[in-house]
Structure formats: structure tokens, C-alpha cells
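Heads up, the thing below is written out as C-alpha cells.
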Amino acid sequence: MLKILLIDDDAIEKDILLIHLTKAGFERFDIHQVSKCSSGLECLLHNRFDVVLLDNSLADSISAEFSVPFIKGWLKGAPLIIISNNIDVPHLQSPDILGVDFIVDKKDLSSFMIKLLPILPAARRSAA
């Protein structure tokens, strides 16, 4: 089963992610959503996730520039993906700027997941 950590303070985002995953053809996954960077870090300390999705804008004032350094050291091999409704801001122009694996516009999340999830070992097991 694919384990996903979603760090996003908008409660509706989990429902939207469920739609994206279903659209991408996956049925077996577990999404754990937290609304704060500190809660995400706590989850990472005690659990292993296959993918970590981090919203660029937590609490309307905390950007990925602030939150990525806290999360990055505790991923245990999971890819870190920044998701945002606005990827036109300077720090989201390239994953290398923040040192993350991917930056994805939320409107493109379904097509991104279709490309990403088949390469993850847990996703391959659940899709079979």
C-alpha cells in the first residue's frame, strides 16, 4: 500500500488528492494529512512514507523556503514534492532552488501522479 504524507493546511486538499490518485489509476493508498510543518516532522519521525507532498503556502505565510529545511532531513528516502496553486514565484522555478525532488502545480497533480507513482515500489505492488 502506498503511504502518502500530505502537509497542507487546507482540509479539502486530501479529498482532491484522493480524486487525483483515483484518476491516476491507483486504488490502494493511505493518505495522512497534517496542517503544520511541525506535525509533518512528527509524522516523519515515527513513520515511513513513500511520498511527501508539501504545500508551498502553509498558514498563508509559511512558504516552502521556510518549511523544506525542517522536513528534508527526515524523509527516509521518500521523494519530497512541493505542491502549489502558484508555481510562478521565484523559489518554485526549479526543484534545485529548494533542494526538493519535484515542484508541481496543484492543477497538474493527476498527470504528475500518473507519471510518478508507477516508479515507486509501493505503487507497483498496489496496482498489481
Side-chain angles (χ1 to χ4, degrees):
M1 177 175 302
L2 186 69
K3 291 184 66 178
I4 300 170
L5 175 60
L6 173 63
I7 305 170
D8 195 317
D9 58 350
D10 189 349
I12 192 81
E13 289 298 333
K14 182 175 181 180
D15 294 332
I16 294 170
L17 181 57
L18 286 167
I19 292 167
H20 286 301
L21 290 168
T22 303
K23 201 172 177 183
F26 293 90
E27 299 171 0
R28 298 192 64 220
F29 48 83
D30 177 40
I31 302 170
H32 185 80
Q33 182 175 9
V34 295
S35 60
K36 296 178 183 177
C37 186
S38 59
S39 301
L41 181 59
E42 184 71 23
C43 287
L44 289 167
L45 288 171
H46 300 288
N47 301 284
R48 185 173 213 85
F49 293 93
D50 300 301
V51 177
V52 177
L53 299 171
L54 173 61
D55 186 24
N56 176 56
S57 181
L58 296 173
D60 294 327
S61 63
I62 300 173
S63 77
E65 291 174 296
F66 176 81
S67 54
V68 165
F70 288 100
I71 299 297
K72 201 172 167 183
W74 303 99
L75 295 169
K76 300 174 188 164
L80 178 57
I81 302 160
I82 303 300
I83 55 175
S84 180
N85 288 318
N86 178 15
I87 61 168
D88 294 328
V89 295
H91 66 275
L92 297 182
Q93 294 305 297
S94 167
D96 294 336
I97 294 171
L98 294 172
V100 299
D101 296 291
F102 303 98
I103 296 171
V104 179
D105 191 313
K106 286 184 179 182
K107 69 178 173 46
D108 298 327
L109 195 54
S110 288
S111 60
F112 174 78
M113 290 300 213
I114 288 169
K115 293 174 189 167
L116 175 72
L117 293 181
I119 66 171
L120 297 171
R124 284 197 299 269
R125 287 192 304 272
S126 67

- Between L58 and D9, what is the shortest heavy-atom contact and its length? C-OD2, 3.5 Å
- Using the six-membered ring wherever Trp is involved, compare the ring planes of F102 and F112 and label them parallel, tilted or perpendicular (cut-offs 30° and 60°). perpendicular
- Message: If hydrophobic clusters are built by linking Ile, Leu, Val, Met, Phe, Trp and Tyr wherever their side-chain heavy atoms come under 4.5 Å apart, do I83 and I71 end up in the same one?
- Response: no
- Message: Does anything in residues 68-87 form a side-chain hydrogen bond (donor to acceptor under 3.5 Å, both in side chains)? List the pairs, not counting sequence neighbours.
- Response: none
- Determine yes or no for a side-chain-to-main-chain donor-acceptor pair under 3.5 angstrom, with D50 supplying the side chain and K3 the backbone. yes
- Interatomic distance, L5 atom CG to Q33 atom CD [nearest 0.5 angstrom]: 9.5 Å
- Message: Membership question, hydrophobic clusters at under 4.5 Å side-chain separation (ILVMFWY): are L116 and V100 in the same one?
- Response: no
- Item | Nearest-0.5 Å distance that lies between atom CD1 in I4 and atom CG in L17 | 5.5 Å
- Any side-chain heavy atom of L92 within less than 4.5 Å of one from D88? no
- What do the steps show when you test L75 against L44 for side chain to side chain contact (heavy atoms under 4.5 Å, CB included), and what is the final call? CA-CA 6 Å; L75 295 169; L44 289 167; 4.3 Å; yes
- Note on the structure: Here the gap from K23 atom NZ to I114 atom CD1, rounded to the nearest 0.5 Å, amounts to 7.5 Å
- Are any side-chain N or O atoms of E42 and backbone N or O atoms of C37, one a donor and one an acceptor, separated by less than 3.5 Å? no
- Message: Measuring only between side-chain heavy atoms, which start at C-beta, is H91 closer than 4.5 Å to N56?
- Response: yes
- Task: Would you give the length of the straight line joining atom CG of L98 to atom CG of L80, rounded to the nearest 0.5 angstrom?
- Result: 8.5 Å
- Note on the structure: Quick note, side-chain hydrogen bond (donor to acceptor under 3.5 Å, both in side chains) partners involving residues 100-115, not counting sequence neighbours, are D8-K106, E13-K106, H20-S110, D55-K106
- Task: Report the distance from atom CG of L54 to atom OG of S67, rounding to the nearest 0.5 Å.
- Result: 4.0 Å
- Which pair of non-hydrogen atoms, one from A64 and one from I82, has the smallest distance, and what is that distance? CB-CD1, 3.9 Å
- Message: Go through it in stages, so that I can follow the logic: the residues are I19 and D15, the test is side chain to side chain contact (heavy atoms under 4.5 Å, CB included), and I'd like the CA-CA distance, side-chain angles, deciding distance and then a yes or no.
- Response: CA-CA 6 Å; I19 292 167; D15 294 332; 5.6 Å; no
- Task: Determine whether I7 and L109 fall in the same hydrophobic cluster, where Ile, Leu, Val, Met, Phe, Trp and Tyr are linked whenever their side-chain heavy atoms lie under 4.5 Å apart.
- Result: no
- Nearest heavy-atom neighbours spanning H32 and F49: CB-CE2, 4.1 Å
- Task: Run the numbers on L21 and I31 for side chain to side chain contact (heavy atoms under 4.5 Å, CB included), then give the verdict.
- Result: CA-CA 10 Å; L21 290 168; I31 302 170; 3.7 Å; yes
- Query: What are the two closest heavy atoms between S39 and V34, and how far apart are they?
  - Reply: CB-CB, 3.7 Å
- Message: Quick check: is L45 connected to V68 through a chain of hydrophobic side chains (ILVMFWY, heavy atoms under 4.5 Å apart)?
- Response: yes
- Task: Look up atom CD in E65 and atom CD1 in I97, then write down how far apart they are to the nearest 0.5 Å.
- Result: 9.0 Å
- Cluster link V52 to V104, ILVMFWY, side chain under 4.5 Å: no
